[in-house]
Amino acid sequence: MKRIEKIRIFYQENKKALYTYALSLTRNRESAEDAMHTAFCKLLNRPMLPISLRPYVFRCVRNAAIDDWRGREASKEALFDLEAPSMLPEDRALWNQIGELLFELSGDERETIILKALHEFTFQEIATLRRTPIRTVISWYRRGLEKLKNMIGEEVK
Amino acid sequence: MKDLEKILKKAPCRDVPDRVGRKVEMEFQQAEEKRRVFFSRPIPLWAHIGICFLCLYAGFAFHSLMVEKPGYSPLADKPEETQLSGLAVSSESYKLFFDEMNNRSGR
């Protein structure tokens, strides 16, 4: 299969995940959009595809999002799609709450939860992406999930 | 904890805005265009590779013409010390041989 065709398929399969990930890093729509565009430009300019494509593209998006975000003002962009017509009002409230609470966590914890729980990354993939030991990634995930659970419990009370 | 993980797996991720989709699609088209140009150059890729092999072959041929092969000498193959020690042994054996002959003739 052609290299460009492979990238196109990857884009179609992962565009939502990449956009959500970029939004979780910046909370700025323009930064997230530019980060995605930059990552795919970089990928298309490479003569060969990297061996592990998914961590590579997510890392490109991460680097681009962080670089771009430094120069922009923070905004309160919603992390999840709350406008879907099929969504029930109680679900909308739940996802709005979870989206807000995720931003109460530290950046590392939020990022790990987004990658692991939402996009089904393995701890090893996250460790590769973040260039961090796997134990640190596991501790970020556990701690973040625990905090999130407690915060949801407090909100319900 | 597991329940929360299950809930998070069903998160409604936001779709990419149309303008980003268009921008990325444009990048794909440009990349395809570049690729087409690369393979339809005035001198095709196969010709480049063929010329490379030809130059390689010519280089080897030229090298073998230019470099002189040294003439073969059995002594040249041995180190100097071995040659001298060989000579010494042979001269000694000759001396012993002649002494023996003289002794026999003296008898």
Side-chain angles (χ1 to χ4, degrees), chain A residues 2-5 7-8 11-12 14-24 29-30 32-46 77-84 86-87 91-92 94-95 98-99 102 113-114 116-120 141-142 144-146 148-150 152-153, chain B residues 1-70:
Chain A
K2 277 188 213 167
R3 185 179 61 92
I4 297 167
E5 207 51 46
I7 301 171
R8 198 192 289 271
Y11 171 73
Q12 291 301 334
N14 293 276
K15 59 182 180 180
K16 276 187 174 183
L18 283 164
Y19 188 56
T20 311
Y21 179 55
L23 272 178
S24 79
R29 192 164 42 83
E30 283 97 17
E33 290 173 15
D34 288 352
M36 274 192 71
H37 181 236
T38 311
F40 278 94
C41 284
K42 202 176 166 187
L43 190 64
L44 285 166
N45 283 325
R46 272 180 69 109
E77 202 63 40
L79 192 59
F80 301 119
D81 185 13
L82 306 172
E83 307 297 319
S86 57
M87 194 181 267
D91 285 346
R92 193 167 290 141
L94 173 76
W95 287 114
I98 291 175
L102 275 169
I113 289 174
I114 297 277
K116 175 84 176 86
L118 271 71
H119 306 323
E120 294 173 0
Y141 181 69
R142 299 249 161 87
L145 218 56
E146 193 65 43
L148 193 65
K149 196 183 168 189
N150 291 339
I152 291 171
Chain B
M1 202 95 118
K2 289 277 170 199
D3 294 341
L4 187 56
E5 277 181 302
K6 274 182 192 168
I7 292 169
L8 285 170
K9 270 193 183 115
K10 291 173 194 163
C13 290
R14 279 179 66 166
D15 210 350
V16 180
D18 286 343
R19 64 174 170 279
V20 183
R22 276 198 298 273
K23 268 164 91 178
V24 176
E25 192 53 47
M26 211 186 287
E27 292 296 336
F28 280 123
Q29 279 171 7
Q30 277 179 7
E32 289 270 10
E33 202 62 41
K34 269 187 208 166
R35 197 173 179 277
R36 247 175 259 143
V37 169
F38 182 79
F39 282 106
S40 60
R41 290 176 299 181
I43 302 167
L45 198 66
W46 64 264
H48 275 129
I49 296 165
I51 289 163
C52 277
F53 275 110
L54 205 68
C55 288
L56 195 74
Y57 180 75
F60 270 112
F62 187 69
H63 179 261
S64 61
L65 281 176
M66 293 301 287
V67 175
E68 251 182 67
K69 282 182 185 171

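Any value given below was found using the heavy atoms of this structure, including those in side chains, with hydrogens, waters and symmetry copies removed. What you are looking at is a predicted structure, and each value in this text was computed from that prediction instead of being measured. Chain identifiers are assigned alphabetically (A, B, ...) following the order of the sequence lines, protein sequences preceding nucleic acid strands; residue numbering begins at 1 within each chain.
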Which atom names give the shortest non-hydrogen contact between [X] and [Y], and what distance separates them?
X: A:Glu33; Y: B:Val20; result: CG-CG2, 3.2 Å
X: B:Val16; Y: A:Lys15; result: CG2-O, 3.4 Å
X: B:Ile7; Y: A:Trp95; result: O-CH2, 3.0 Å

Option passing side-chain contact (heavy atoms from CB on, under 4.5 Å) with A:Ile4 (candidates B:Glu27, B:Glu32, B:Gln29):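 So, applying the side-chain contact (heavy atoms from CB on, under 4.5 Å) to A:Ile4 and each of B:Glu27, B:Glu32, B:Gln29, only B:Glu32 qualifies.
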NZ/NE/NH1/NH2 to OD/OE distance under 4.0 Å, A:Glu120 and B:Lys9: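 Between B:Lys9 and A:Glu120 there is no salt bridge, as every charged N stays at least 4.0 Å from the carboxylate O atoms.
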N-O pairing of A:Asp91 and B:Lys10 below 4.0 Å: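 So A:Asp91 does not pair with B:Lys10 through a salt bridge.
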Face-on cation placement of A:Arg8 at B:Phe28 ring, 6.0 Å and 45° thresholds: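 The answer is yes; both the distance and angle limits are met.
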Between [X] and chain B, which part of the residue has a heavy atom less than 4.5 Å away: side chain, backbone, both or neither?
X: A:Leu18; result: neither
X: A:Ile98; result: side chain
X: A:Ile113; result: side chain
X: A:Phe80; result: both

Going from [atom1] on [X] to [atom2] on [Y], what distance comes out if it is rounded to the nearest 0.5 angstrom?
X: B:Glu25; Y: A:Tyr11; atom1: CD; atom2: OH; answer: 8.0 Å
X: B:Arg14; Y: A:Leu23; atom1: CZ; atom2: CG; answer: 5.5 Å
X: A:Leu145; Y: B:Leu4; atom1: CG; atom2: CG; answer: 5.0 Å
X: A:Ile114; Y: B:Cys13; atom1: CD1; atom2: SG; answer: 7.5 Å

Beyond-backbone contact of A:Tyr19 with B:Asp15, side-chain heavy atoms, under 4.5 angstrom: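 Side-chain contact under 4.5 Å: no.
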Student check: side-chain heavy atoms of B:Arg19 and A:His37 closer than 4.5 Å: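 Result no, sub-4.5 Å side-chain heavy-atom pair not found.
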Polar contact flag, side-chain donor to acceptor under 3.5 angstrom, A:Tyr141-B:Glu5: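 On atom types as modelled, these side chains qualify, holding a pair under 3.5 Å.
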Residue selection (most heavy-atom pairs with chain B, distance under 4.5 Å) from A:Leu82, A:Leu79, A:Leu44, A:Leu148: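 Maximum pair count with chain B is reached by A:Leu44.
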